[in-house]
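Numbers restart at 1 for each chain; the letters A, B, ... are given by sequence-line order, proteins then strands. Just so we're clear, the structure is a prediction, and the values are computed from it rather than from any experiment.
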Number of protein chains: 2
Amino acid sequence: MNQAKPSIPIGQDGPAEPKYSETAVRILDAAEGLFVELGMAATSLRLITQQAGVNLAAVNYHFRSKDALFEAVFLRRFGPWARACLEELDALERRVAGQPQALTAEVVMSYVRPAVALSKDPARGGAMFVRLFSRVLVENHRQLRETMSRQYGDLVTRYARALGRALPGLSEEEVEWRMHLGFSVMFHAFAGNDILKVFGRSAVSARDPDLIVKHMVPFVVAGLTSPSAGRPPGP
Amino acid sequence: MNQAKPSIPIGQDGPAEPKYSETAVRILDAAEGLFVELGMAATSLRLITQQAGVNLAAVNYHFRSKDALFEAVFLRRFGPWARACLEELDALERRVAGQPQALTAEVVMSYVRPAVALSKDPARGGAMFVRLFSRVLVENHRQLRETMSRQYGDLVTRYARALGRALPGLSEEEVEWRMHLGFSVMFHAFAGNDILKVFGRSAVSARDPDLIVKHMVPFVVAGLTSPSAGRPPGP
DNA sequence: GTATGTTTCAAACAGCTGTTTAAGCCATGA
DNA sequence: TCATGGCTTAAACAGCTGTTTGAAACATAC
């Protein structure tokens, strides 16, 4: 078994997003922008339908409720992104099938590449989606969170496995912590969640994905591979 | 001039928080918890006053409006924290006045120490405040942001200066980026903004500040001091 | 005692919220 | 031609929103 196979099928034929009518798409697009800008609670259906140029009742007709709309807005973007990540992980496992362990930088890039591709693709929401994701993170939408952990929980497991192999000198607990910290940096860097900007004093507020990657990847890799309590760092 | 003096006075006699009446404090406490849990938009004044056990009109009497209440909730916690950070920076500059440069870990700890102290002090809101802060970060409250940059903008400048001295081999741009990334990790780690938890698959959701520091500080220091484009890392 | 200024209270204000209803439109297929 | 089913529409629903009002309760000072 030297050819790694995806352990979950969503990389190939997983839960696909439903096909939406033109009206539904207009609603989704308008809602996406407003949710990002104002948040779920502060965005009214009247604002959405007005901006989308559709009737108010269309939301409850095409989607069941405001909550369901929000879930649809999120999952429409999240599905393709998750699939891209899984493809990257598959490719990574295939690449390092013969090698004893993957390189940390490769694991990092398997997350970064889909994020960059997403940020640069306006058709998939562009940088908007990551900001929407951080809304989901801070506001806590119970139902959406359940959907996520049910359908995509294994994604994290696979990243953990890959990172654990790349950092063989670390305990399981330490790998978990570093993964947590590393993904936090990557996620919030892409989302533009910069505390310094709250003070109006951040010069790096530029949202250029390539620039983000250039500075972020070395930072994260250094953090992930730093020596552990006196032990030497992994290669 | 070997004895560093604070460049801004707020460490000693800066903008102090107003003294609040008992009713006002009850409102602030209730609002704080609800803002953290539900967000500003989803928290109604009736919910706040009900939980505080005061009359509805008390909010508009003691604070001018809901917006002003939110600002008061935030600034009540932020003021003491900012002052603690400035004291740490003063102490750091005094400590390294003779040395050519500060150690990166010391700069990191000058931010971490007040954060830990805050997290452990229920009288000052405990871990609640950092979560409230991340609400401010994601929702963008224009007026509050202006207040922050006006009153506390220099705080970031001083951290940047300290970090720049600790990393003499790096360009100004690179220092800015690393500060941005480093503070992002620290902030979001304390706030508990863990993307992995969205997938229900995070083992490190524990909010113990000491445990956070134990794993986070080495990670951040490694990221900050990592070699720059072929150059060796600073000492 | 009265007068003064501060704080509380119940009630009402106009406006917005998500959702539902029933009538109408319009293309499809028989 | 008529009927069917998908979709849109304006209107109304009950309920909640932040804020204001004027009267009542309160403590303090004279």
Next item on the list: Could you tell me whether Thr49(A) contacts a base, only the sugar-phosphate backbone, or nothing, with contacts defined as non-hydrogen atoms closer than 4.0 Å?
Entry: nothing

Note to self: If you assign Arg64(A) and Ala42(A) each to the DNA chain C nucleotide with the nearest heavy atom, which residue ends up on the more 5' nucleotide?
What the structure shows: Ala42(A)

Notebook entry, point to check: For the pair made of CG in Leu38(A) and P in dT17(C), what is the distance, rounded to whole Å?
Noted result: 11 Å

Note to self: Nearest to the side chain of Tyr61(B), heavy atoms from C-beta on, is which of dG18(C), dT6(C), dC7(D)?
What the structure shows: dT6(C)

Check: Are OP1 or OP2 of dT8(D) and a side-chain N or O of His62(A) less than 4.0 angstrom apart?
Finding: yes

Next item on the list: Could you say whether Arg46(A) or Met40(B) is positioned toward the 5' end of DNA chain D, judged by the nucleotide with the nearest heavy atom to each?
Entry: Arg46(A)

Item checked: Approximate separation, where rounding is to 0.5 Å, of Arg131(A) CZ and Glu37(A) CD -> 5.0 Å

Note to self: Please tell me if Thr23(A) has a side-chain N or O lying less than 4.0 Å from either OP1 or OP2 of dT8(D).
What the structure shows: yes

Checklist line | Considering all heavy atoms, the nearest Leu69(A)-Leu45(A) contact | finding: CD2-CD2, 4.4 Å

Note to self: Check the phosphate of dA10(D) against Asn55(A), side-chain N and O only, distance under 4.0 Å to OP1 or OP2. Yes or no?
What the structure shows: yes

Next item on the list: Take the angle between the ring planes of Phe78(A) and Phe74(A) and call it parallel below 30°, perpendicular above 60°, tilted in between.
Entry: parallel

Notebook entry, point to check: How are the rings of Tyr111(B) and Tyr159(B) set relative to one another: parallel (under 30°), tilted (30 to 60°) or perpendicular (over 60°)?
Noted result: perpendicular

Check: Over how many whole Å does the gap from Leu45(A) atom CG to dT20(C) atom P extend?
Finding: 11 Å

Next item on the list: Using only side-chain N and O atoms of Ser44(B), determine if any of them is under 4.0 Å from OP1 or OP2 of dC16(D).
Entry: no

Item checked: Residue-phosphate contact under 4.0 Å: Ser65(A) side-chain N/O, dG18(C) OP1/OP2 -> no

Check: What nucleic acid atoms does Ala57(B) come within less than 4.0 Å of, heavy atoms only: base, sugar-phosphate, or nothing?
Finding: base

